[in-house]
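Residues take their numbers from the sequence shown, with the count starting at 1.
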Amino acid sequence: MPDIRVPRRRRFLVCEPRHFAVQYAINPWMHPDLQVDVDLARDQWQSLIHVYRDHGHTVDTVEPVPGLPDMVFAANSAVVVDGRVFGSLFHAPERRPESLHYETWFKAAGYTVHRPESVCEGEGDLVWTGRYVLAGTGFRTTREAHREVQEFFGHPVISLTLVDPYFYHLDTALFVLDDDNIAYYPEAFSPGSREVLARLYPDAVLATHDDAMAFGLNSVSDGRHVFIAPKAEALAARLTEHGYDPVPVDLSEFQKAGGGIKCCTQEIRP
């Protein structure tokens with residue numbers, strides 16, 4: 001463990017939860033009969049943006065669109081590596097129109113966007129580690145999309161199979177701490193995928209079931225500061241032991257839709 005972990009400034013893309021609601025059910029967390037407190041959601045989201053900026057990170061915003069309540073979950077829109085944008089093709093028909101609006105933003109910002117041919121849900125299932133892409137499958141993104149991603153970026157893609165529907169995206173079960181390490185919940189993965197992760201990351205920070213169910217793994221790290229759900233207390237303690245600085249940010253209202261800090265945060269990598 002280094003004596004001092006050094007944060008790296010990031011650029012994030014987010015979408016205001018102006019139209020956020022739970023209007024359908026596409027994961028076990030979603031119950032349309034459960035009322036969303038829109039004002040609370042907006043306040044929590046704004047707190048996240050303030051925290052990012054207070055830590056020196058750049059935050060860009062895409063305009064929310066009426067009728068797209070999950071557009072706030074910007075991470076699912078694409079994955080950006082080396083300034084190249086691999087877009088999204090959502091599994092759920094309700095979310096498919098989001099892709100075009102994010103593509104429009106990226107093009108206006110000067111990026112060329114690759115449209116996937118297979119179902120692919122951006123950083124929800126595609127996690128850039130600095131050397132390769134960890135790619136989730138099992139519930140949303142397909143293995144065919146993994147092959148597309150490898151051909152597009154020219155970086156190795158390591159497929160990981162998710163087995164618990166509560167962790168339907170890879171970013172609900174795993175996040176990157178820095179260029180050398182990750183945190184994850186082993187039981188969210190198939191036995192073979194657990195072995196792969198253990199070989200790649202023998203010193204990984206492991207989360208408990210309670211940590212994972214509190215959205216502790218739907219976190220964002222800048223290499224030192226880890227923006228994390230407050231109820232993931234055991235995981236925060238482990239991160240502190242490993243030299244990271246947990247920064248609790250409450251996005252509990254978004255958990256009603258199966259989302260958290262990372263779901264609301266797309267990273268744009270130059």
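L197 and V163 are assigned to two separate hydrophobic clusters, defined by single-linkage of ILVMFWY side chains at heavy-atom distances under 4.5 Å. No path of Ile, Leu, Val, Met, Phe, Trp and Tyr side chains, each step under 4.5 Å between heavy atoms, connects V127 with V81, placing them in separate hydrophobic clusters. Cluster membership check: W128 does not share its hydrophobic cluster with L200, using side-chain heavy-atom separations under 4.5 Å among Ile, Leu, Val, Met, Phe, Trp and Tyr. By the rule that hydrophobic residues join a cluster once side-chain heavy atoms approach within less than 4.5 Å of another member, Y132 and Y184 end up as members of one cluster. When the side chains of ILVMFWY residues are joined at heavy-atom separations under 4.5 Å, either directly or via intervening members, V119 and Y102 end up in two distinct hydrophobic clusters.
In this structure V157 satisfies the side chain to side chain contact (heavy atoms under 4.5 Å, CB included) test together with V133, A135, H146, V149, Q150, sequence neighbours excluded. Taking the salt bridge (charged side-chain N to carboxylate O under 4.0 Å, His left out) definition, one finds that R84 meets it with nothing, sequence neighbours left out. Residues meeting the salt bridge (charged side-chain N to carboxylate O under 4.0 Å, His left out) test with E267, sequence neighbours left out: R10, R269. In this view, S99 and S88, F90 satisfy the side chain to side chain contact (heavy atoms under 4.5 Å, CB included) rule, not counting sequence neighbours. For the side chain to side chain contact (heavy atoms under 4.5 Å, CB included) test, residues two or more places apart in sequence or in another chain that qualify with F139 are L162, P165, Y168. Under the side chain to side chain contact (heavy atoms under 4.5 Å, CB included) criterion, D164 pairs with Y166, F167, not counting sequence neighbours.
Rounding to the nearest 0.5 Å gives a distance of 11.5 Å between CG of D125 and CG of L134. Rounding to the nearest 0.5 Å places CG of L160 at 6.0 Å from CG of L170. L13 CG to C264 SG: the interatomic distance, rounded to the nearest 0.5 Å, is 11.5 Å. Remark: D171 CG to L126 CG distance equals 10.0 Å, nearest 0.5 Å.
Remark: the backbone N or O of F189 is not paired with any side-chain donor or acceptor of S193 at under 3.5 angstrom. In terms of modelled atom types and a separation under 3.5 Å, the side chain of D178 and the main chain of R224 share no donor-acceptor contact. Within the 3.5 Å criterion, the main-chain N or O of A78 finds a donor-acceptor partner in the side chain of Q266. Formation of a donor-acceptor pair under 3.5 Å by the N218 side chain with backbone atoms of G260 is found in this model. Between the side chain of D222 and the main chain of P7, no donor-acceptor pair closer than 3.5 Å is present.
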Does the side chain to side chain contact (heavy atoms under 4.5 Å, CB included) test come out yes or no for F153 and V79, once each step is laid out? CA-CA 10 Å; F153 287 123; V79 59; 3.8 Å; yes

Set out, in order, the CA-CA distance, both residues' side-chain angles and the distance that settles side chain to side chain contact (heavy atoms under 4.5 Å, CB included) for T172 and L217, then state yes or no. CA-CA 6 Å; T172 63; L217 292 159; over 6 Å; no

Check: Checking side chain to side chain contact (heavy atoms under 4.5 Å, CB included) for the pair S252/F215: CA distance, chi angles, key distance, verdict?
Finding: CA-CA 9 Å; S252 55; F215 284 77; over 6 Å; no

Does F106 form a side chain to side chain contact (heavy atoms under 4.5 Å, CB included) with V80? I'd like the steps, not just the answer. CA-CA 10 Å; F106 277 112; V80 185; 3.9 Å; yes

List the steps, then state whether side chain to side chain donor-acceptor pair (under 3.5 Å) holds for S77 with R95.
-> CA-CA 10 Å; S77 67; R95 296 199 64 185; over 6 Å; no

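The list of salt bridge (Lys or Arg N to Asp or Glu O under 4.0 Å) pairs with a residue in residues 193-218, not counting sequence neighbours, reads D211-R238. Applying the salt bridge (Lys or Arg N to Asp or Glu O under 4.0 Å) test to residues at least two apart or on different chains, the pairs with a partner in residues 104-116 are E103-K107, E103-R115. Applying the salt bridge (Lys or Arg N to Asp or Glu O under 4.0 Å) test to every pair with at least one member in residues 25-41, sequence neighbours left out, gives these pairs: D39-R42.
Ring planes of H225 and H55: perpendicular class, angle over 60° (limits at 30 and 60°).
Applying the 6.0 Å contact sphere to CZ of R143 captures more than 12 heavy atoms from other residues, nucleotides or ligands. Heavy-atom neighbours of E144 CD from other residues, nucleotides or ligands within 6.0 Å: above the threshold of 12. Annotation: K256, atom NZ; neighbour count of heavy atoms from other residues, nucleotides and ligands within 6.0 Å is above 12.
Here the shortest heavy-atom pairing between A229 and A214 reads CB-O, 3.2 Å. A pairwise comparison of heavy atoms in F175 and S219 identifies CB-O, 3.6 Å as the closest pair. Looking at every heavy atom in both residues, A188 comes nearest to A173 through CB-CB, 3.6 Å. Between L239 and P246, the shortest heavy-atom distance links the atoms CB-CG, 4.3 Å. The shortest non-hydrogen separation linking S221 to L177 is OG-O, 2.7 Å. Counting all heavy atoms, side chain and backbone alike, A145 lies closest to S118 at N-CB, 3.7 Å.
Electrostatic pairing of R131 and D179 does not count as a salt bridge here, judged by no charged N lying under 4.0 Å from a carboxylate O.
Here the side chains of H209 and M213 are in contact, with some heavy-atom distance below 4.5 Å. Counting heavy atoms from C-beta outward, I182 and V205 have side chains that stay 4.5 Å or more apart. Side-chain contact check for N181 versus Y244: some heavy-atom pair is nearer than 4.5 Å. You'll find the side chain of H155 reaches within 4.5 Å of the side chain of D82, heavy atoms only.
Checked by atom type, the side-chain pair E121/H91 shows no donor-acceptor distance below 3.5 Å. Checking S159 against R147 by side-chain atom types alone, no donor-acceptor pair falls below 3.5 Å.
Through direct or relayed side-chain contacts under 4.5 Å between Ile, Leu, Val, Met, Phe, Trp and Tyr, L89 connects to no other residue. Under a 4.5 Å side-chain heavy-atom cut-off, the cluster of Ile, Leu, Val, Met, Phe, Trp and Tyr residues that includes Y24 is completed by F12, V14, F20, V22, I26, M30, V36, V38, W45, L48, I49, V51, Y52, V59, V72, F73, V220, F227, V247, V249, L251, F254, I261.
When each of H169, E98, E123, M71 is paired with N76, the side-chain contact (heavy atoms from CB on, under 4.5 Å) condition holds for H169 and for no other.
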Could you pull out all donor-acceptor pairs under 3.5 Å where a side-chain atom in residues 60-69 meets a protein atom, sequence neighbours excluded?
residue, atom, partner, partner atom, Å
D60, OD2, R11, NE, 2.5
D60, OD2, R11, NH2, 2.8
E63, OE2, R18, NH1, 2.9
E63, OE2, R18, NH2, 3.3

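Ring-centre distance between H114 and F86: below the 6.0 Å cut-off.
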